[in-house]
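Written out below as structure tokens is the structure these notes cover.
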Amino acid sequence: MTNRLILPLLFAFAVVALATCSESPTQYPEPSTLSSIADRTVLVTLYNSTNGIGWKHSDNWLSDKPIGEWYGVTTEDEGRVTQLILSENGLIGEIPSELGDLPYLSRLELPGNLLIGYLPPEILNLSNLTVLDLSKNSLIGGIPSELSSLPILESLRLHENGLSGEIPSKLGKLYNLREINLSRNHLRGEIPPALGNLTELTGLNLSSNQLSGEFPMELGYLANLTELYLRGNQLTGCIPDSLEYLGQTLPTDLGLAFYCGEGALRGRLVFRLMGEEVLEIYTMKLGGTGAIKLPDAFPDAYERWSDVSPDGRRIVIKAKGNLYVMNADGSGRTQLTHDTEYGYVHSPDWSPDGNHIAFVASRDGNREIYVMNVDGSGMTRLADHPDDVSELDWSPDGRRMLFTSYRDGNAEIYVMNSDGTNVTRLTNRSERDYAPSWSPAGRLIAFTSEGKKQFSHINEQFSHIYVMNADGSDVTRLTNKSDHSDRSPFWSPDSQWIAFDSYRDGNRELYVMMADGSRVTRLTNSPEWESMIAWIAQ
């Protein structure tokens with residue numbers, strides 16, 4: 001009897017329960033909503049892991065608003081995160097591995113923060129990533145070779161961190177890369193030749209690392225490359241001729257011989273580095289290592305004028321009112337002139353055969369040209385004129401000498417025989433023409449021309465480099481910066497290049513250009529001023 005009552009009751013309860021469920025079914029979120037919630041969770045983790053409460057901008061973060069309205073976050077139609085851009089926003093701490101759980105993410109840009117630690121390997125799961133910018137942080141460790149698993153990556157910016165190790169050759173598999181910036185890290189080893197596979201690459205910046213070895217010829221395949229920066233490494237070799245167009249289209253910053261073929265930028269520069277209270281002499285081998293400081297000849301004196309012997313082994317220098325000669329290593333210093341400490345002795349110029357030194361001195365009330373043997377003997381006055389002269393340059397055959405003089409009321413360039421006879425004016429212009437430099441082939445003369453006669457710094461910015469035939473004909477302007485100073489030209493030993501100093505980038509630095517004014521390239525980059533002394537073949 002009991003069982004007969006229980007069974008119907010159970011059946012009735014079941015019917016009621018089914019009816020109730022059919023009237024109000026449980027509400028499960030749609031799959032896209034669940035995914036959006038997962039993305040929200042990742043963003044909350046990022047906020048908590050990087051001191052979100054201290055961010056500069058955190059509008060709507062951790063609020064109930066759609067995550068697409070959170071500062072720096074972009075989403076697609078279904079609410080999935082596609083861009084996360086928090087530049088210079090005060091993020092502090094390690095990058096959370098959970099960022100690898102944003103599968104729709106295409107741009108991850110967190111530059112200029114205080115992020116530390118290693119690059120999380122989980123980020124390599126972001127197969128839709130096109131831009132990865134973690135620059136200007138304090139990340140350490142190596143660059144993961146697994147970055148090659150990001151098939152559509154176009155921009156890789158990891159510069160200004162503390163990354164170390166070698167550049168992975170597997171980066172050469174990122175065929176869509178257009179930009180690589182790994183500058184200002186601690187990377188070492190050679191530049192991987194596999195980077196030559198990145199035919200879409202337009203910009204490559206590897207400057208200020210510890211890279212060594214030769215510049216890989218494979219990079220010559222990069223026909224779309226328009227920016228190439230390599231300075232601040234220990235690279236050797238030269239740039240492939242196939243990248244010759246770089247010098248025509250942009251200011252490159254290289255530490256190499258400019259090209260491998262005929263006309264490569266070679267030899268050694270000797271130049272001054274001038275601060276407020278110091279003047280130092282450096283030598284820099286083109287196509288080799290960076291600049292090397294020569295020993296101080298006079299640590300307590302401001303060494304203003306100097307020249308290098310044709311073989312590069314000795315230096316003549318003006319200090320304490322006199323001229324001295326010494327070996328390039330600072331040894332064997334010998335005093336050549338014995339004027340007073342306040343005597344005006346300057347513009348020493350070594351003869352092409354290495355046996356004589358010409359210079360200017362104001363011994364008789366005005367500046368005149370003298371010549372002497374390299375030991376100081378046999379001193380002879382070559383020019384006797386009441387107006388001042390300066391800036392001497394011997395012809396390659398040693399038979400003539402260029403100089404600047406005001407004898408006709410304006411700074412002009414003159415030439416005379418090496419014995420002081422047959423003085424001839426070469427320029428006759430309203431501009432101030434000075435600093436003549438004879439090409440080693442003897443056919444051309446480069447010089448500086450300044451549009452205004454004042455000597456203040458503000459007027460120096462209007463000077464330019466010109467070239468003319470050795471007889472003064474066919475004057476041609478080479479530099480075209482209208483509002484900056486380009487001056488003091490020096491020829492390369494093969495007569496194909498001209499070095500000069502310029503203020504065009506905000507400071508007085510050294511540049512080179514071809515003899516026709518093309519391929520202008522910056523050579524130095526320091527807060528002090530640089531000016532040329534010599535360009536020698538060795």
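Residue R157 places its CZ atom among more than 12 non-hydrogen atoms of other residues, nucleotides or ligands, all under 6.0 Å distant.
Side-chain contact between I85 and R107 is present, with heavy atoms from C-beta onward closer than 4.5 Å. Residues I92 and N113 fail the side-chain proximity criterion, which asks for heavy atoms closer than 4.5 Å. Between I180 and N205 the shortest side-chain heavy-atom distance does not fall below 4.5 Å. I140 has its side chain out of reach of N161: every pair of non-hydrogen atoms, C-beta onward, lies at least 4.5 Å apart. Side-chain contact check for T479 versus M513: some heavy-atom pair is nearer than 4.5 Å. In this structure the side chain of L163 never reaches within 4.5 angstrom of the side chain of H186, judged on heavy atoms. L211 is listed as a side-chain neighbour of I191, based on a closest heavy-atom distance under 4.5 Å. Looking only at side-chain heavy atoms (C-beta outward), E450 and E431 stay at 4.5 Å or farther from each other.
Partners of Y221 according to the ring pair (Phe, Tyr, Trp, His ring centres under 6.0 Å) rule, which considers only residues two or more places apart in sequence or in another chain, do not exist here. Evaluation of the ring pair (Phe, Tyr, Trp, His ring centres under 6.0 Å) rule for F490 yields no partner, not counting sequence neighbours.
Remark: R429 is positioned above the aromatic ring of Y466, its terminal NZ or CZ atom under 6.0 angstrom from the ring centre and at most 45 degrees off the axis. Relative to the six-membered ring of F500, R487 misses at least one condition, a distance below 6.0 Å or an angle of at most 45° to the axis.
Atom OG1 of residue T130 and atom CD of residue E154 lie 5.5 Å apart, to the nearest 0.5 angstrom. Atom CD of residue E200 and atom CG of residue N176 lie 7.0 Å apart, to the nearest 0.5 angstrom. In this structure, CG on N185 lies 6.5 Å from CD1 on I143, to the nearest 0.5 angstrom. Rounded to the nearest 0.5 angstrom, K170 NZ and S148 OG are separated by 5.5 Å. Here the CG-CD distance, from L139 to E94, works out to 9.5 Å after rounding to the nearest 0.5 Å. The distance from atom CG of N51 to atom CD1 of I53, rounded to the nearest 0.5 Å, is 7.5 Å.
Listed for the N128 side chain is a donor-acceptor partner under 3.5 Å among the backbone atoms of P103. Side chain of T50 to backbone of G52: no donor-acceptor contact under 3.5 angstrom is found. Counting only distance, with no hydrogens or angles, the side chain of S135 and the backbone of H159 share no donor-acceptor pair below 3.5 Å. Here the side chain of S138 pairs no donor or acceptor atom with the backbone of L114 at under 3.5 angstrom. Between the side chain of E76 and the main chain of G79, a donor-acceptor pair closer than 3.5 Å is present. Formation of a donor-acceptor pair under 3.5 Å by the N60 side chain with backbone atoms of I67 is not found in this model. Using modelled atom types, no side-chain atom of S58 and backbone atom of W55 make a donor-acceptor pair closer than 3.5 Å. Distance alone, capped at 3.5 Å, is enough to place a donor-acceptor pair between the S106 side chain and the T82 backbone. W491 places a side-chain N or O within donor-acceptor distance of the main-chain N or O of S437, the cut-off being under 3.5 Å. Without hydrogens or angle criteria, S49 side chain to L46 main chain gives no donor-acceptor distance under 3.5 Å.
Here the closest heavy-atom approach between residue E530 and residue D501 is recorded as O-CB, 3.6 Å. Here the shortest heavy-atom pairing between L201 and L222 reads CD2-CD1, 4.1 Å. When all heavy atoms are compared, the tightest approach of S169 to P192 is CA-CB, 3.9 Å. S155 and L177 get closest at one heavy-atom pair: N-CD2, 3.8 Å. When all heavy atoms of S488 and A435 are compared, the pair lying nearest together is CA-CB, 4.3 Å. In terms of heavy atoms, L198 sits closest to G172 at CD2-O, 3.6 Å.
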Under the side chain to side chain donor-acceptor pair (under 3.5 Å) rule, what do S463 and S485 come out as? Steps first, then yes or no, please. CA-CA 5 Å; S463 60; S485 165; 3.0 Å; yes
Derivation of the side chain to side chain contact (heavy atoms under 4.5 Å, CB included) call for I465 and T448: CA-CA 5 Å; I465 305 298; T448 305; 4.0 Å; yes
What's the verdict on side chain to side chain contact (heavy atoms under 4.5 Å, CB included) for L84 and E109, showing C-alpha distance, side-chain angles and the deciding distance? CA-CA 6 Å; L84 181 57; E109 301 182 43; over 6 Å; no
Start with the C-alpha gap between L102 and D39, add the side-chain angles, then the distance that decides, and say whether side chain to side chain contact (heavy atoms under 4.5 Å, CB included) holds. CA-CA 6 Å; L102 297 174; D39 285 5; 3.6 Å; yes
Would you check, one step at a time, whether the test side chain to side chain contact (heavy atoms under 4.5 Å, CB included) holds for L86 with L91? CA-CA 8 Å; L86 297 171; L91 279 69; 4.1 Å; yes
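A side-chain donor from one of S449 and D433 sits under 3.5 Å from a side-chain acceptor of the other.
Among residues at least two apart or in separate chains, ring pair (Phe, Tyr, Trp, His ring centres under 6.0 Å) pairs with a member in residues 69-93 are H57-Y71, W61-W70.
Looking at E88 and K56, no side-chain N of the basic residue comes within less than 4.0 Å of a carboxylate O on the acidic one, giving no salt bridge. One finds no salt bridge joining R80 and E78 here, because no Lys/Arg side-chain nitrogen approaches an Asp/Glu carboxylate oxygen to under 4.0 Å.
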